Amino acid sequence: MNRTELLQLLPYGDAFLWIDRCFIIEPGRSLRAEMRYESGHPILDAHFAKGPKVVPGCLIVEQICQAALALAMTRTENEVAYLLGRIQATFERMAPLPSTVLCEVTIKPSATGVIMLTGSASVTAIGQIAHVKAVASPITGVSW
């Protein structure tokens, strides 16, 4: 899926979509997504404005969670809203600007609709930079 397809699938506007493209590895189970982070975006330029330019860790977590949502949305024809909870994130290294961050996400749905997600992020020249585990629950009666 390219950025245009992701904007149609997900509830985010262009300025808050942290995926440029994604590739489904195993339908309904895992995918790989990437985002090119460069100076020029107000959030990225304001992060550590007087220090080294790095990709904010919260955006890497958001990228992983958006990738998991894209994967979950490909599982169903219904538009479902999810509430993310119990996020556990660990960071190993910082990603300098500019960087292309590649994330791999796996989701494991349960019979109740709750989704367990795991994801990792890496940068080619650096290696793994982050790992995320989270739980997302469907919100009934809410769609986008």
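All values derive from a computational prediction rather than experimental measurement.
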(request) Report yes or no: do Trp18 and Leu102 belong to one cluster of Ile/Leu/Val/Met/Phe/Trp/Tyr joined by side chain heavy-atom distances under 4.5 Å? (result) no
(request) Mind checking the CD1-CG spacing from Ile107 to Leu117? Nearest 0.5 Å is all I need. (result) 8.0 Å
(request) Could you go through the side-chain contact (heavy atoms from CB on, under 4.5 Å) check for Met94 and Ile129 one step at a time? (result) CA-CA 6 Å; Met94 291 188 282; Ile129 58 172; over 6 Å; no
(request) Provide the closest heavy-atom pair for Gly113 versus Pro138 in the form atom of the first, atom of the second, distance. (result) O-CD, 3.3 Å
(request) Please name the pair of heavy atoms, one in Leu9 and one in Ala70, separated by the smallest distance, quoted to 0.1 Å. (result) CD2-O, 3.8 Å
(message) Could you check whether any side-chain heavy atom of Asp20 comes within less than 4.5 Å of a side-chain heavy atom of Met35, counting everything from C-beta outward?
(response) yes
(message) Taking side chain to side chain contact (heavy atoms under 4.5 Å, CB included) as the definition, give me every residue that meets it alongside His131, ordered by chain and number, with sequence neighbours left out.
(response) Thr90, Ser120, Gln128, Lys133
(request) Treat each ILVMFWY residue as a node, draw an edge where side-chain heavy atoms are under 4.5 Å apart, and state whether Met73 and Val105 are in one component. (result) yes
(request) Begin with the C-alpha distance, continue with both residues' side-chain angles, and end with the deciding distance and a verdict on side-chain contact (heavy atoms from CB on, under 4.5 Å) for Val61 and Phe91. (result) CA-CA 10 Å; Val61 172; Phe91 299 93; 3.7 Å; yes
(request) Might you point out which heavy atoms bring Pro56 and Leu44 nearest each other, and give the distance in Å? (result) CD-CD2, 3.5 Å
(message) I'd like to know if the side chain of Arg93 and the backbone of Ser122 have a donor-acceptor N/O pair within less than 3.5 Å.
(response) no
(request) Can you measure from NE2 (His41) to CG (Leu97) and round to the nearest 0.5 angstrom? (result) 11.0 Å
(request) Could you walk me through whether Thr100 and Thr124 pass the side-chain contact (heavy atoms from CB on, under 4.5 Å) test, one step at a time? (result) CA-CA 8 Å; Thr100 298; Thr124 301; over 6 Å; no
(request) Check the hydrophobic clustering (I, L, V, M, F, W, Y; side-chain heavy atoms under 4.5 Å; chains of links allowed) and say if Val55 and Ile87 are grouped together. (result) yes
(request) Quick one: pull up OG in Ser30 and CD in Glu104 and give me the separation to the nearest 0.5 Å. (result) 8.0 Å
(request) Find the distance between CD (Glu26) and OG1 (Thr106) and round it off to the nearest 0.5 Å. (result) 8.0 Å
(message) Check whether Arg3 reaches the backbone of Ile19 with its side chain - one donor and one acceptor, N or O, closer than 3.5 Å.
(response) yes
(message) Let me confirm one number: the CG-NE2 distance from Leu59 to His47, rounded to the nearest 0.5 Å.
(response) 7.5 Å
(request) Give the minimum heavy-atom separation between Gly13 and Leu7, together with the two atoms involved. (result) C-CD2, 3.8 Å
(request) Looking only at non-hydrogen atoms, find the nearest pair between Leu71 and Gly28 and report the distance. (result) CD1-N, 3.8 Å
(message) Give me each pair satisfying side chain to side chain donor-acceptor pair (under 3.5 Å) with a member in residues 52-73, each pair once, sequence neighbours excluded.
(response) Tyr37-Gln63, Glu62-Gln66
(message) Looking at every heavy atom in both Leu31 and Cys22, which two are closest together, and how far apart are they?
(response) CD1-CB, 4.1 Å
(request) Evaluate side-chain contact (heavy atoms from CB on, under 4.5 Å) for Ile60 paired with Val132, printing each intermediate quantity in order. (result) CA-CA 9 Å; Ile60 294 168; Val132 173; over 6 Å; no
(request) Assess whether atom CZ of Arg36 is packed by more than 12 heavy atoms of other residues, nucleotides or ligands within 6.0 Å. (result) yes
(request) Output the distance between atom OG (Ser99) and atom CD1 (Ile126), rounded to the nearest 0.5 Å. (result) 5.0 Å
(request) Measure up the Phe16 and Tyr12 rings against each other and bin them: parallel (under 30°), tilted (30 to 60°), perpendicular (over 60°). (result) tilted
(request) Please check if the side chain of Asp45 supplies one atom and the backbone of Ser39 the other of a donor-acceptor pair under 3.5 Å. (result) no
